[in-house]
Amino acid sequence: ETGVTQTPRHLVMGMTNKKSLKCEQHLGHNAMYWYKQSAKKPLELMFVYNFKEQTENNSVPSRFSPECPNSSHLFLHLHTLQPEDSALYLCASSQERDDNYGYTFGSGTRLTVV
Amino acid sequence: AQSVTQLDSHVSVSEGTPVLLRCNYSSSYSPSLFWYVQHPNKGLQLLLKYTSAATLVKGINGFEAEFKKSETSFHLTKPSAHMSDAAEYFCVVSERGRGSYIPTFGRGTSLIVHP
């Protein structure tokens with residue numbers, strides 16, 4: 001276990017469904033990230049939160065809606081997704097001070113949109 | 001703006017032989033650099049990191065990387081490959097964005113280890 005827990009591990013949803021991905025960290029980190037990992041493409045940064053405030057939105061479609069209620073929890077709400085949204089969604093956290101100490105990743109949620 | 005280029009999409013070695021995974025980066029400032037490994041159906045694990053201290057960085061599982069500013073490179077090496085090293089490897093450069101450090105990933109290098 002890395003200290004970053006993602007649930008569920010696998011999710012199959014229809015294009016009209018609404019679902020949420022959850023990420024939780026107990027490392028005392030203040031920054032949290034959502035990444036999308038598709039086959040044959042580089043990891044795509046989606047959102048960044050620092051002390052619960054969204055600091056980056058990497059031109060993500062509005063059918064993906066993040067929520068960060070506190071520094072330990074991060075959600076990704078999904079609605080009316082498309083088949084091309086099928087991917088591995090990874091959550092990461094980091095402790096940011098003056099230097100960059102690296103990122104701790106969860107195991108990901110494998111999402112399939114049918 | 002920052003970017004990362006992993007020069008090889010696949011690297012194939014025999015068990016017990018050296019490993020070299022190449023990474024070049026571009027960055028506007030003094031970057032932080034990382035190597036991550038991803039085994040099949042798993043998340044990413046930090047192998048090692050460079051954050052402006054020693055240029056030769058030692059990581060887990062016998063991996064090392066050397067930061068060469070003049071060549072803008074951060075190549076990953078291991079003297080002797082093991083079957084368990086077979087995985088996807090990602091080079092990452094990180095700079096501070098508007099509010100946080102923003103990591104940019106390379107496309108990944110798949111390491112194949114033959115018996």
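Letters A, B, ... are given to chains in the order of the sequence lines, protein chains preceding strands, and every chain is numbered from 1.
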Q | Interface residue of largest heavy-atom contact number with chain B, from Gln37(A), Arg9(A), Arg110(A), under 4.5 Å | A | Gln37(A)

Q) Between Tyr89(A) and Gln6(A), which heavy-atom pair has the shortest distance, and what is it? A) O-NE2, 2.9 Å

**Q.** Region of Glu44(A) that comes under 4.5 Å of a non-hydrogen atom in chain B
**A.** neither

Q. Between Lys78(B) and Phe63(B), is NZ or CZ placed under 6.0 angstrom from the six-membered ring centre and within 45° of the ring axis?
A. yes

Q: Under 4.5 Å heavy-atom distance to chain A, tell me which part of Gln38(B) shows up: side chain, backbone, both or neither.
A: side chain

**Q.** Residue from Thr5(B), Asp8(B), Thr109(B) passing side-chain hydrogen bond (donor to acceptor under 3.5 Å, both in side chains) with Arg22(B)
**A.** Asp8(B)

Q.
Tell me whether the rings of Phe105(A) and Phe105(B) are parallel (<30°), tilted (30 to 60°) or perpendicular (>60°).
A. perpendicular

